[in-house]
Number of protein chains: 2
Amino acid sequence: MLVERRRSVASQATTILAERIRSQIYAPGSRLPSESELAAELGVSRASVRSALARLAAEGMVLRKQGDGTYVNARLENLPTTLDGLWNFLRLIEFSGRAPSIRVLSRTVRPATESEVEALALEEEEPVFFLQRVFYADNTPAILAGNAIPLAALRLPPEQCDGQLPIDELIATCCGAQIAYDIFDIGAVLPDAETRAVLELAEARPLLHLRQVFYDRQNEPLLCGSSHYDDKLLGLRLVQSWT
Amino acid sequence: MLVERRRSVASQATTILAERIRSQIYAPGSRLPSESELAAELGVSRASVRSALARLAAEGMVLRKQGDGTYVNARLENLPTTLDGLWNFLRLIEFSGRAPSIRVLSRTVRPATESEVEALALEEEEPVFFLQRVFYADNTPAILAGNAIPLAALRLPPEQCDGQLPIDELIATCCGAQIAYDIFDIGAVLPDAETRAVLELAEARPLLHLRQVFYDRQNEPLLCGSSHYDDKLLGLRLVQSWT
DNA sequence: CAGTGGTCTAGACCACCCA
DNA sequence: GGGTGGTCTAGACCACTGC
């Protein structure tokens with residue numbers, strides 16, 4: 001049943017169970033087989049099954065009741081269902097049921113701004129590769145995102161960095177690094193005229209402002225982003241599980 | 001070492017390690033003892049230690065490197081450090097280093113609004129207990145929060161519901177229920193005049209709008225909230241760990 | 001190569017729920 | 001009481017890192 005070599009047993013079990021829920025093999029509101037039964041059926045230990053169920057529970061797909069059982073959440077339609085909790089603009093658009101695409105607005109090398117110097121721990125005026133992109137949902141502009149990478153961190157020349165890539169792959173190919181974690185700050189702003197034009201907003205309504213800093217496995221800040229996010233168009237939703 | 005009966009060993013280990021990091025017994029950037037050493041020292045299994053470390057890693061407090069070791073994040077000052085990932089207005093204010101307090105603006109029983117009917121799966125016009133509160137950070141108003149609970153879900157009369165309680169305790173004491181999970185929608189809005197007055201905003205700057213629905217262990221929607229959040233004052237920050 | 005974290009197992013006991 | 005999820009353990013093997 002679980003034969004892939006490269007993915008962990010627990011991760012494969014997660015996928016299998018999530019798929020059964022999505023396809024209603026386990027109907028909304030119904031009780032799943034017990035952990036022991038699932039372990040026997042999948043040919044893995046109970047610990048692995050528990051790891052999978054814990055993940056599904058954290059995302060709200062199942063509800064666990066001690067002494068009773070594990071139930072499929074009957075309100076699945078309310079959930080973000082990202083299945084890994086990571087916010088990635090392309091996938092946020094995909095999950096909203098629309099086709100994502102990216103248009104590169106500009107790609108320049110320029111001195112770091114004051115906030116970039118602070119976020120990326122740079123020297124004053126240190127050059128950064130700045131990539132400005134628009135994320136479309138079904139051809140409607142939803143996000144205007146600007147990303148800055150210290151020139152010193154690039155292993156490819158800026159002109160070879162593929163602007164169509166999601167952030168983790170961008171960092172992987174252009175910097176040869178892996179993201180360890182990132183920090184998100186969420187705020188509300190009134191967009192300036194330029195932003196409004198790019199996002200084709202008729203009125204001057206407020207947008208979400210997402211500021212992110214991505215760190216690599218050496219804990220060096222590798223990329224910082226400043227994005228204007230049209231929450232009316234896309235929605236920003238998260239689930240919190242209360243142990 | 002780990003003797004409390006009511007908390008799990010893994011949870012106690014988490015607290016101990018977090019405390020050692022906070023007090024710099026494990027200095028920023030330094031390597032922690034190996035999992036086996038910690039297990040031996042704390043008198044628990046390696047699995048319990050791993051559970052604790054996994055939690056700290058998810059919040060960015062430590063960085064784990066296979067084949068190398070576990071390191072204290074040297075950039076702790078950037079982290080939200082909630083140590084359980086749950087957003088609770090009182091604790092968000094506390095963690096920002098300010099003194100939280102609550103003022104109850106109004107407590108009424110009124111028919112549910114259209115959006116409450118939808119969020120709470122009510123009948124049209126069904127009565128709800130509506131509690132409007134202001135959360136202060138060091139006596140500066142930071143959040144205007146409105147919470148609606150179906151009257152049918154209350155086990156205490158509305159006038160006996162303590163408006164000073166955080167949301168989980170409010171639900172515990174007034175409804176006799178426990179929160180299983182909640183769903184958050186984050187948006188940006190321009191506050192109306194009334195909201196602006198309550199939050200003592202001079203200009204008409206945009207605020208975060210948080211809409212929440214809390215579900216109990218029976219998966220019934222118990223409470224919905226609509227809050228205006230001054231992100232300039234408080235900040236809304238989260239960490240994402242990329243496995 | 002030795003030591004680290006990553007994965008997985010089998011088995012045990014507990015707390016809890018329901019019939 | 002019998003079954004469920006919640007916790008914990010001991011031990012094994014693997015993948016990776018740094019020396």
Side-chain angles (χ1 to χ4, degrees), chain A residues 1-17 26 30-58 61-73 177-178 180 216-219 241-243, chain B residues 1-17 26 30-58 61-73 177-178 180 216-219 241-243:
Chain A
M1 173 61 83
L2 306 179
V3 289
E4 300 174 38
R5 297 283 271 195
R6 310 303 287 174
R7 279 177 67 214
S8 74
V9 173
S11 162
Q12 294 176 60
T14 309
T15 305
I16 290 175
L17 295 178
Y26 300 144
S30 68
R31 192 168 78 170
L32 266 63
S34 73
E35 297 179 348
S36 311
E37 287 170 338
L38 286 173
E41 187 222 337
L42 299 176
V44 301
S45 72
R46 196 184 143 211
S48 301
V49 170
R50 279 186 61 74
S51 163
L53 290 175
R55 183 153 204 176
L56 297 179
M61 291 185 69
V62 300
L63 304 173
R64 321 197 68 191
K65 301 186 185 180
Q66 187 173 16
D68 184 355
T70 301
Y71 292 81
V72 178
N73 190 337
Q178 236 184 328
D216 65 11
R217 295 221 178 277
Q218 276 68 50
N219 205 17
S241 274
W242 292 62
T243 46
Chain B
M1 175 59 83
L2 305 179
V3 288
E4 299 174 37
R5 298 281 270 194
R6 311 303 286 175
R7 280 177 66 215
S8 74
V9 173
S11 162
Q12 293 177 58
T14 309
T15 305
I16 290 175
L17 296 177
Y26 300 143
S30 68
R31 192 169 77 171
L32 265 62
S34 74
E35 298 178 348
S36 312
E37 286 170 338
L38 285 174
E41 187 222 336
L42 298 176
V44 302
S45 72
R46 197 184 142 210
S48 301
V49 170
R50 279 186 61 74
S51 163
L53 290 174
R55 183 152 203 176
L56 297 179
M61 291 186 71
V62 300
L63 303 173
R64 321 197 68 191
K65 301 187 185 179
Q66 186 173 13
D68 184 355
T70 301
Y71 292 82
V72 178
N73 189 338
Q178 235 184 329
D216 66 10
R217 295 223 177 276
Q218 275 68 49
N219 204 18
S241 274
W242 292 62
T243 44

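Hydrogens, waters and symmetry mates play no part in the numbers below; they use all other heavy atoms, side chains included. Lettering of chains follows the sequences in order, A, B, ..., and the numbering in each one begins at 1.
- Between the P atom of D/dT9 and the CG atom of B/Leu42 lies a distance of 10 Å, rounded to the nearest Å.
- The side chain to side chain contact (heavy atoms under 4.5 Å, CB included) check on A/Ser51 picks up A/Ala10, with sequence neighbours excluded.
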Within the sub-3.5 Å range, which N or O atoms of nucleotides 5-8 of chain D have a protein N or O partner, and how far apart are they?
from  : atom 1 : to      : atom 2 : distance (Å)
D/dG5 : OP1    : A/Thr70 : OG1    : 3.4
D/dG5 : OP2    : A/Glu35 : N      : 2.9
D/dG5 : N2     : A/Gln66 : NE2    : 3.2
D/dG6 : OP2    : A/Arg50 : NH1    : 3.0
D/dG6 : OP2    : A/Arg50 : NH2    : 3.4
D/dG6 : OP2    : A/Arg64 : NH1    : 3.1
D/dG6 : O4'    : A/Gln66 : NE2    : 3.4
D/dG6 : N7     : A/Arg46 : NH2    : 2.6
D/dG6 : O6     : A/Arg46 : NH1    : 3.1
D/dC8 : OP1    : B/Val9  : N      : 2.1
D/dC8 : OP2    : B/Val9  : N      : 3.4
D/dC8 : OP2    : B/Ala10 : N      : 3.3

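- For A/Glu37, the side chain to side chain contact (heavy atoms under 4.5 Å, CB included) partners are A/Pro33, A/Ser34, not counting sequence neighbours.
- Computed from coordinates, the A/Arg217 CZ to D/dC16 P distance equals 12 Å when rounded to whole Å.
- By the side chain to side chain contact (heavy atoms under 4.5 Å, CB included) test, A/Thr70 is found to be paired with A/Leu32, A/Leu53, A/Val62, A/Arg64, residues two or more places apart in sequence or in another chain being considered.
- For B/Asn219, the side chain to side chain contact (heavy atoms under 4.5 Å, CB included) criterion is met by A/Leu63, A/Asn73, A/Ala74, A/Arg75, B/Tyr181, B/Tyr215, not counting sequence neighbours.
- Residues forming a side-chain hydrogen bond (donor to acceptor under 3.5 Å, both in side chains) with A/Gln178 (at least two apart in sequence, or on another chain): A/Arg217.
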